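The block underneath contains the structure these notes are about, expressed in structure tokens.
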Amino acid sequence: QVQLVESGGGLVQAGGSLRLSCAASGRTFSIYAMGWFRQAPGKEREFATAIRWTDGTTAYADSVKGRFTISRDNAKNTVFLQMNSLKPEDTAVYYCAARDSAYGYSWSRGGGYNYWGQGTQVTVSS
């Protein structure tokens, strides 16, 4: 099992920045990729970005590309999400996720994630 704990959410004005962190524990050696998803009120959860643990390859949804950056600290088993130029439509609960398999649905499109954090609220005011 892998446990994930997010931190860093909060309230920010449009155009501002926030940095989220997600610390993994447990069977971290089994992690293949980690990602960030978000769920806005009344909407389905959507994939935002992910990073492959082995080589640092990243993937982004079009909605966040150029504004969000995912990075990792392998030694600390932590993944970060730097969010810049935030918009009110970025308001959502942000979830950290991990997958332990290299097979199946595409990791870079949000598929196959089987471990989830509890979520952290990000609110962007206009």
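Keep in mind it's a predicted model, so treat the numbers as computed, not measured. All heavy atoms count here, side chains included; hydrogens, waters and symmetry mates do not.
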Revision key, fill the gap. Applying side-chain hydrogen bond (donor to acceptor under 3.5 Å, both in side chains) to Tyr115 and not counting sequence neighbours gives Asp100

Check your understanding: Who passes salt bridge (Lys or Arg N to Asp or Glu O under 4.0 Å) against Arg67, sequence neighbours left out?
Key -> Asp90

Check your understanding: What closest approach, in Å, do Ser30 and Val2 show between heavy atoms, and which atom pair accounts for it?
Key -> OG-CG2, 4.0 Å

Check your understanding: To the nearest 0.5 Å, what is the distance between CG (Leu81) and SG (Cys22)?
Key -> 10.5 Å

Check your understanding: Quick check: does any side chain N or O of Ser126 sit under 3.5 Å from a backbone N or O of Pro88, one acting as donor and the other as acceptor?
Key -> no

Practice item. Taking all non-hydrogen atoms of both residues into account, name the closest pair between Ala24 and Met34 and its distance. Key: CB-CE, 4.4 Å

Point to revise | Set of salt bridge (Lys or Arg N to Asp or Glu O under 4.0 Å) partners for Arg99, sequence neighbours left out | key: none

Check your understanding: Taking C-beta and beyond as the side chain, do Leu20 and Val122 meet within less than 4.5 Å on heavy atoms?
Key -> yes

Practice item. May I ask you to test the Cys96-Trp36 pair for a side-chain heavy-atom distance under 4.5 Å? Key: yes

Point to revise | Min side-chain heavy-atom separation Val12-Met83 under 4.5 Å | key: no

Practice item. List in chain and number order the residues that pass side-chain hydrogen bond (donor to acceptor under 3.5 Å, both in side chains) with Ser106, two or more places apart in sequence or in another chain; answer none if no residue qualifies. Key: Ser108

Review point. Who are the side-chain contact (heavy atoms from CB on, under 4.5 Å) partners of Ala92, not counting sequence neighbours?
Key: Arg38, Ala40, Tyr94

Review point. For Gln82, what residues pass the side-chain hydrogen bond (donor to acceptor under 3.5 Å, both in side chains) criterion, not counting sequence neighbours?
Key: Asn84

**Study point:** Non-neighbouring partners of Arg52 that pass side-chain contact (heavy atoms from CB on, under 4.5 Å), sequence neighbours left out
**Key:** Tyr32, Thr54, Asp55, Thr57, Trp107

**Study point:** Non-hydrogen side-chain atoms of Tyr60 and Ile70 separated by less than 4.5 Å
**Key:** yes

Practice item. Report the residues that fulfil side-chain contact (heavy atoms from CB on, under 4.5 Å) with Ser7, sequence neighbours left out, ordered by chain and then residue number. Key: Ser21

Check your understanding: Does anything in residues 5-33 pair up under salt bridge (charged side-chain N to carboxylate O under 4.0 Å, His left out), and if so which pairs, sequence neighbours excluded?
Key -> none

**Study point:** With Lys76 via salt bridge (Lys or Arg N to Asp or Glu O under 4.0 Å) - residues at least two apart
**Key:** none

Exercise for review: Taking ring-ring contact (aromatic ring centres under 6.0 Å, His included) as the test, write out the residues that go with Phe47, two or more places apart.
Suggested key: Phe37

**Study point:** Partners meeting side-chain hydrogen bond (donor to acceptor under 3.5 Å, both in side chains) with Thr123 (sequence neighbours left out)
**Key:** Gln121

Point to revise | Heavy-atom pair with the smallest gap, counting every atom of Asn77 and Trp53 | key: CA-CZ2, 4.0 Å

